[in-house]
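What follows is a single structure, written as structure tokens, with notes after it.
On a predicted model such as this, the values are computed, not experimentally measured, just so you know.
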Amino acid sequence: MAVTIKDVARETNLAVSTISKYMNGGKVRAQNQKLIEEAVERLGYQPNNLARGLRNSRTYTIGFLMQKLEGSHSAKLVECLEKKVQEMGCFLTIYCHRESAELARGYVEFLTEKMVDGIIVSPVCTTEDYLKPARDAGIPYIILEDTNGVTDADVVQVDCASASYQIVEHLIEQGHRRIAIIQGMEGTTTSRERLNGYLRVMEDYELPVNPEYLVKGMYDYQSGYEGIQKLWGLKQRPTAVFVTNYHMSIGALVAINRLGIRVPQELSVAAFDDLELSSLVQPHMTAVRQPLEGMMEEACRLLAKRMDGDFEGFPEKKRLKAEVICRDSVARIR
């Protein structure tokens with residue numbers, strides 16, 4: 001026989017209304033939450049989400065619209081988000097728009113038809129209003145990182161400019177003056193902020209910016225690979241390079257290996273995104289660690305608030321601090 005909410009109530013000596021409130025995402029006392037969670041695990045209770053949905057017009061489903069599901073960065077995002085969505089008592093459904101506005105709009109329409117309770121969006125670089133179907137249906141959505149001109153939405157971002165400033169400042173403090181940067185996709189908030197952090201710290205330390213050291217990239221393996229080739233072909237090579245995302249840093253490291261460049265003796269390397277690669281390669285990579293779990297926790301907190309009909313402070317922008325992890329890939333120049 002299936003375990004019911006009444007069984008959980010008997011097991012915990014709490015009222016059914018208290019159990020129901022917690023199961024539906026409401027706040028209960030910390031000690032009661034602990035009792036409920038322990039009883040649920042012990043009894044193997046499974047909430048009837050269909051019945052819950054019929055009672056309060058919810059499907060207990062959250063949609064996640066992301067660029068692509070490949071690489072450690074994307075996998076970590078999904079892992080963190082799924083954990084937070086489960087804590088909300090909901091299920092996660094994922095779709096990849098692959099930077100296509102047409103695909104993104106199609107997925108938003110589909111999610112709207114399926115009456116998801118909310119959507120978390122890693123956006124497309126487009127001016128098209130692909131979120132209109134969700135907005136018209138009153139489905140709340142949270143945007144991660146790049147807004148691309150969207151103003152009527154809650155946003156959760158990492159303070160990329162500050163993190164970039166700190167990591168380039170670390171290079172300067174180690175004696176580097178010829179510092180190159182491999183930039184991200186033009187027109188995106190993250191790329192602009194990471195470049196601005198680099199430019200600002202160079203200005204603050206009164207260091208000249210060599211235009212040849214400003215290498216354009218596309219946040220992909222190929223542009224990281226080609227960026228290193230371009231820099232190493234210069235008459236005056238940089239002594240350090242800041243690669244502004246994970247996928248480009250993989251391409252950069254492959255190029256460094258094939259060119260026989262010694263890190264950090266000939267070239268110091270620092271990267272944005274501290275994932276498995278940073279501690280696996282030799283020497284270990286100096287990198288910016290983004291608060292991915294914090295981002296997803298904040299996105300879910302905001303989404304739950306909007307799903308409950310609380311639009312106080314809308315639209316809200318939350319910016320989280322990143323951390324610079326200093327390792328062996330940066331040499332000190334005396």
Side-chain angles (χ1 to χ4, degrees), residues 61-69 73-74 76-82 84-85 88 90 92-112 116-163 184-194 196 219 245 272-273 290-322:
T61 306
I62 305 297
F64 183 33
L65 198 58
M66 63 188 301
Q67 279 100 343
K68 52 191 174 183
L69 187 52
H73 182 78
S74 298
K76 189 67 176 177
L77 277 179
V78 171
E79 179 188 353
C80 293
L81 179 57
E82 185 178 32
K84 298 304 175 184
V85 167
M88 293 170 66
C90 297
L92 183 67
T93 180
I94 304 167
Y95 297 93
C96 301
H97 54 63
R98 300 191 291 279
E99 289 297 341
S100 164
E102 183 180 355
L103 267 179
R105 186 180 179 90
Y107 286 138
V108 172
E109 288 174 348
F110 177 78
L111 290 168
T112 301
V116 297
D117 296 329
I119 304 174
I120 294 175
V121 184
S122 186
V124 187
C125 188
T126 180
T127 55
E128 183 179 333
D129 188 8
Y130 60 93
L131 291 166
K132 186 176 186 299
R135 187 168 59 253
D136 290 347
I139 295 174
Y141 47 83
I142 308 295
I143 292 180
L144 300 177
E145 296 290 0
D146 288 293
T147 58
N148 292 317
V150 179
T151 57
D152 58 342
D154 295 305
V155 182
V156 179
Q157 299 174 320
V158 172
D159 187 350
C160 294
S162 177
M185 189 180 298
E186 192 171 359
T188 62
T189 303
T190 53
S191 179
R192 183 173 61 251
E193 284 204 359
R194 293 171 197 188
N196 286 345
Y219 278 160
N245 99 316
F272 209 102
D273 290 328
Q290 295 199 70
L292 300 184
E293 187 165 353
M295 280 179 62
M296 293 314 187
E297 183 174 3
E298 193 60 33
C300 288
R301 181 195 68 80
L302 268 175
L303 191 60
K305 180 179 176 181
R306 303 314 182 204
M307 285 161 50
D308 287 341
D310 183 353
F311 282 83
E312 183 182 356
F314 179 85
E316 189 173 332
K317 178 181 284 190
K318 185 71 175 180
R319 288 175 66 81
L320 306 180
K321 294 291 184 184

Heavy-atom donor-acceptor pair, Y130 side chain to G106 backbone, under 3.5 Å: no
Min side-chain heavy-atom separation K305-E316 under 4.5 Å: yes
T190 side chain to E145 side chain, donor-acceptor N/O pair below 3.5 angstrom: no
Derivation and outcome, salt bridge (Lys or Arg N to Asp or Glu O under 4.0 Å), residues K317 and D154: CA-CA 6 Å; K317 178 181 284 190; D154 295 305; over 6 Å; no
Stepwise side-chain contact (heavy atoms from CB on, under 4.5 Å) test for M295 and L292: CA-CA 5 Å; M295 280 179 62; L292 300 184; 4.2 Å; yes
Reported SG-to-CD1 distance for the pair C300 and I120, which is rounded to 0.5 angstrom: 4.0 Å
Full working for salt bridge (Lys or Arg N to Asp or Glu O under 4.0 Å) between K84 and E79: CA-CA 9 Å; K84 298 304 175 184; E79 179 188 353; over 6 Å; no
Rounded distance (nearest 0.5 Å) linking atom CZ of R306 with atom CG of D117: 15.5 Å
From CA spacing to verdict: salt bridge (Lys or Arg N to Asp or Glu O under 4.0 Å), R105, E109: CA-CA 6 Å; R105 186 180 179 90; E109 288 174 348; 3.3 Å; yes
Distance, nearest 0.5 Å, that separates CG of L69 from SG of C96: 5.0 Å
Close side-chain approach of Q157 to I143, heavy-atom, < 4.5 Å: no
Interatomic distance, D146 atom CG to T188 atom OG1 [nearest 0.5 angstrom]: 5.0 Å
Validation row: Y95, F110 side chains within 4.5 angstrom (heavy atoms): yes
Test item: D310 side-chain N/O and E312 main-chain N/O as donor-acceptor pair under 3.5 Å: yes
Contact summary for V158 and Q290, nearest pair of heavy atoms: CG2-OE1, 3.3 Å
Least distance between heavy atoms, V116 atom then T61 atom: CB-O, 3.5 Å
Student check: side-chain heavy atoms of S191 and E186 closer than 4.5 Å: no
Distance-minimising heavy-atom pair for I139 and T112: CD1-CA, 3.7 Å
Side-chain heavy-atom pair I142, E298 within 4.5 angstrom cut-off: no
Close side-chain approach of M296 to L144, heavy-atom, < 4.5 Å: yes
Residues V124, R98; criterion side-chain contact (heavy atoms from CB on, under 4.5 Å); working and verdict: CA-CA 8 Å; V124 187; R98 300 191 291 279; over 6 Å; no
Side-chain touch H97/Q67, heavy atoms, less than 4.5 angstrom: yes
Heavy-atom pair with the smallest gap, counting every atom of D159 and E193: C-OE1, 4.1 Å
Check: R135/Y141 side-chain N/O donor and acceptor closer than 3.5 Å: yes
Nearest-0.5 Å distance, CE of residue M88 to CG of residue L303: 5.0 Å
Minimum heavy-atom distance A101-E128, with the two atoms named: CB-OE1, 3.5 Å
Exercise: identify the closest heavy-atom pair between A163 and F272: CB-CE1, 3.9 Å
From L302 atom CG to E297 atom CD, the distance as rounded to the nearest 0.5 Å: 11.5 Å
Close side-chain approach of I62 and T93, heavy atoms under 4.5 Å: no
